[in-house]
Amino acid sequence: MQKPQNIKGMRDHLPQAMLLRQYIINTLTVVFERHGFEPLATPVMEYAETLEGKLGDDEKLIYRFEDHGGRKLALRYDQTVPLARVVAQYAGQLALPWRRYAIGPSYRGERPARGRYREFWQADVDIVGSASPLADAEIVLVLTDALAALGFPSFTTLINHRQVLGGIARASGLDDVAASGVYRAIDKLDKIGTDGVREELLRSGVTDAAATRILEMVLLEGQAETVLSELGHRLQGDERALAALTNLRAIVAHLQAMGVSPERYALAPRLARGLSYYTGAVFETISSHWPEGSLLGGGRYDELIGLFANRQVPTVGLAFGIDRLHDVMEELGLGPRLQTTAQVFVTIFSPEQMAASLQLTQELRGAGLNVITALDADAGLGKQFKEADRKGIRYVLVQGPDDLARDEVVLKDLGSGEQRSVPRAEVATTLRALVKTTRR
RNA sequence: GUGUCUGUAGCUCAAUGGCAGAGCACCUGACUGUGGAUCAGGGGGUUGUGGGUUCGAGCCCCAUCAGACACCCCA
């Protein structure tokens, strides 16, 4: 027999982990739908051609293979390119602007590391068919509400614009080729510090004077308005960069109007982001509890859908990393600590009482409780209590001959060790009240 | 993709190139119409896998698979 083993970078999620993952997914779904986003699902496989030519260097990470008919296929690399395909394919059926969300797995053939897997889940939200900065602001609002709903105590969404980066490169006298090295260098600011970035800039052929100018702009921090006006001074004469600043100013104004706390976002000229399809504003949310990388990232990509459709469809969106959210929440103790789905364990006193126990069980299920029974009518109560305890089920019911005669049920709380007799007719309401206060 | 390290029971780890072990967990029993605690017993291993060196390999060498870390990049 072959040794049971996972494929590199692919993980199993056992029940306890799945319960937290499902909580995350459910919470995100509720928040997304509260903002009117609609669900979309697409296959994990696409024609390789669909995914190629959209990602730049990252394409080497795409899983490619042939099916039995020799078709060249690929596993999706993210949920954004499939969205672009869908928008082009169902153009007549979708009323734009369209807010959609998608939660599912994507695949990248990277070397696995902490918070980085070959199969990973993302929760995407996108607003398709709107170039308004209000759409950009709405995406930031949704992510802020979502992380708050999950209970994150501190996080900051960094906001930048592709044309601010472009302006910084141009102001330093760099062509587009040299610029990509600059973006990569400044994106590492938080990691390698000012001196590290300067070193890397010089190494990629930037002059000392240019490096100083770049660093001056990249290091700008503080109130969004201050950063924007400082950048405005330094990027004077660069039409595209100034337009980007106007755009960012509008986004910030909308965020203020929406009531998003100024602590939750920051203008960050250093934010570069990798995916080559971004054209406008870019976002990334960081948490001090997760120094290794971002919890989510996104931005505006006004040209991607045009690669599939005959027209430009401006779109802005972002993707949560479910696996990273999960890891951080586990470390911080956020979310419910559920061990199992069952809330109540109904014992079977003996074969004679089995029917009564099964009937009680169904009744409780009908009342909306999650209930399991023992499967062995001959097992002693001790064994059944132990099963409930090990499963982490808090409430155990016993219905022996004496209880049946009195039309009562014994309810034991394994958390406190206390037990009491409850009239049979009141068991469901009693349990529902208990479960309501103890759950979560 | 590059580099470094790791892999022994379900888990955490021992074992100088010389008989593969401990603690916890698990199973059975003792005790009450009842879990945790205590006591008594028990089951568990092709040392990730495949080769090689050696009288002899968990230990040394090669390959491979998986994991961790740092680059690279990113969710």
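Within every chain, numbering begins at 1; the chains are lettered A, B, ... in the order of the sequence lines, protein sequences first and strands thereafter. Model, not experiment: these values are computed from the prediction.
Donor-acceptor pairing under 3.5 Å, judged by distance alone, is absent between the side chain of A/Arg111 and the base of B/G67. With hydrogens and angles ignored, a donor-acceptor pair closer than 3.5 Å exists between the side chain of A/Arg116 and the base of B/C73. Judged by atom type and distance alone, A/Arg108 reaches the base of B/A75 through a side-chain donor-acceptor pair under 3.5 Å. Contact of A/Glu110 with B/A75 (side chain to base): a donor-acceptor pair of N or O atoms is detected under 3.5 Å.
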Legend entry - Sugar-phosphate or base contact per nucleotide [nucleotides 43-48 of chain B; S, B, -; heavy atom under 4.0 Å]: -----S
Inset, instruction - Sugar-phosphate atoms are those with a prime plus P, OP1 and OP2; base atoms are the rest. Using that split, label each nucleotide of nucleotides 28-36 of chain B B, S or - for protein heavy atoms under 4.0 Å, 5' to 3'. - result: S----BBBB
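Nucleotides B/C26 and B/A9 have their C1' atoms positioned 11 Å apart, rounded to a whole Å. For the C1' atoms, the distance from B/U53 to B/U28 is 47 Å, rounded to whole Å. For the P atoms, the distance linking B/C13 with B/G7 amounts to 10 Å, nearest Å. Rounded to whole Å, the separation between the P atoms of B/C27 and B/G48 comes to 27 Å. The separation of B/G58 from B/U16, taken at their C1' atoms, amounts to 13 Å, rounded to a whole angstrom. The same atom, P, is picked in B/C59 and in B/U54; the two are 16 Å apart, to the nearest Å. Here the separation of B/G43 from B/U4, taken at their P atoms, is 45 Å to the nearest Å. The separation of B/A70 from B/U12, taken at their C1' atoms, amounts to 26 Å, rounded to a whole angstrom.
The 5' end of RNA chain B is approached more closely, in terms of each residue's nearest nucleotide, by A/Asn6 than by the other of A/Asn6 and A/Glu119. Both A/Gly321 and A/Ile7 lie close to RNA chain B; mapped to their nearest nucleotides by heavy-atom distance, the more 5′-ward contact belongs to A/Ile7.
Between the OH atom of A/Tyr77 and the P atom of B/C73 there is a distance of 12 Å, rounded to whole Å. Between the CD atom of A/Glu59 and the P atom of B/C74 there is a distance of 13 Å, given to the nearest Å. A straight line from CD of A/Gln16 to C1' of B/C11 spans 14 Å, rounded to a whole angstrom. In this structure, CD1 of A/Ile62 is placed 14 Å from C1' of B/C74, rounded to the nearest angstrom. For the pair A/Tyr278 OH and B/C74 P, the computed distance is 10 Å after rounding to whole Å. When the P atom of B/A75 is taken as reference, atom CG of A/Asp126 falls 13 Å away, rounded to whole Å. Atom CZ of A/Arg11 and atom C1' of B/A66 are 15 Å apart (whole Å). As rounded to whole Å, 18 Å separates atom P of B/A75 from atom CD1 of A/Ile25.
Consecutive pairing runs in RNA chain B reach the stem threshold at B:1-7 with B:65-71, B:10-13 with B:21-24, B:26-30 with B:38-42, B:48-52 with B:60-64, where a stem means at least three Watson-Crick or G-U wobble pairs with distances under 3.5 Å.
In this structure, A/Phe32 and A/Asp124 approach most closely via the heavy-atom pair CE1-O, 4.5 Å. Taking all atoms of both residues into account, the shortest heavy-atom contact from A/Thr279 to A/His161 is O-CE1, 4.1 Å. Across all non-hydrogen atoms, the minimal contact from A/Leu271 to A/Leu165 is O-CD1, 3.5 Å. When every heavy atom of A/Leu267 is checked against every heavy atom of A/Leu248, the shortest pair comes out as CD1-CD1, 3.7 Å. Shown here for A/Gln384 and A/Ala374, the closest heavy-atom pair between the two residues is OE1-CB, 3.2 Å.
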Side-chain donor-acceptor distances from residues 407-420 of chain A under 3.5 Å, at least two apart:
residue	atom	partner	partner atom	Å
A/Glu408	OE1	A/Arg406	NE	3.2
A/Asp413	OD1	A/Arg394	NE	2.8
A/Asp413	OD1	A/Gly415	N	2.7
A/Asp413	OD1	A/Ser416	N	3.3
A/Asp413	OD2	A/Arg394	NE	3.3
A/Asp413	OD2	A/Arg394	NH2	3.1
A/Ser416	OG	A/Glu418	N	3.2

Extract all donor-acceptor atom pairs below 3.5 Å that involve side chains of residues 426-434 of chain A and protein atoms in other chains or at least two apart in sequence.
residue	atom	partner	partner atom	Å
A/Thr429	OG1	A/Glu426	O	3.1
A/Thr430	OG1	A/Glu426	O	2.7
A/Arg432	NH1	A/Ala367	O	2.9

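The NZ atom of A/Lys391 sits 8.0 Å away from atom OG1 of A/Thr341, with the distance rounded to the nearest 0.5 Å. Taking CG of A/Leu296 as the start and CD1 of A/Ile139 as the end, the distance is 10.5 Å to the nearest 0.5 Å.
For A/Thr361, the side-chain contact (heavy atoms from CB on, under 4.5 Å) partners are A/Val346, A/Arg365, A/Val371, A/Thr373, not counting sequence neighbours.
Here A/Phe320 lies out of heavy-atom contact (under 4.0 Å) with every strand. Using a 4.0 Å heavy-atom distance criterion, A/Gly9 is classed as a sugar-phosphate-only contact.
Side-chain atoms of A/Arg108 come within 3.5 Å of backbone N or O of A/Tyr77 as a donor-acceptor pair. The main-chain N or O of A/Thr157 is never found under 3.5 Å from a side-chain atom of A/Arg264 such that the two would form a donor-acceptor pair.
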Inset, instruction - Please test A/Tyr301 against A/Asp126 for side chain to side chain donor-acceptor pair (under 3.5 Å), starting from the C-alpha separation and ending with a verdict. - result: CA-CA 10 Å; A/Tyr301 48 101; A/Asp126 294 88; 2.6 Å; yes
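Checking the phosphate oxygens (OP1, OP2) of B/C72, a side-chain nitrogen or oxygen of A/Lys188 falls inside 4.0 Å.
If you look at A/Tyr101 and A/Phe37, their ring centroids are not closer than 6.0 Å.
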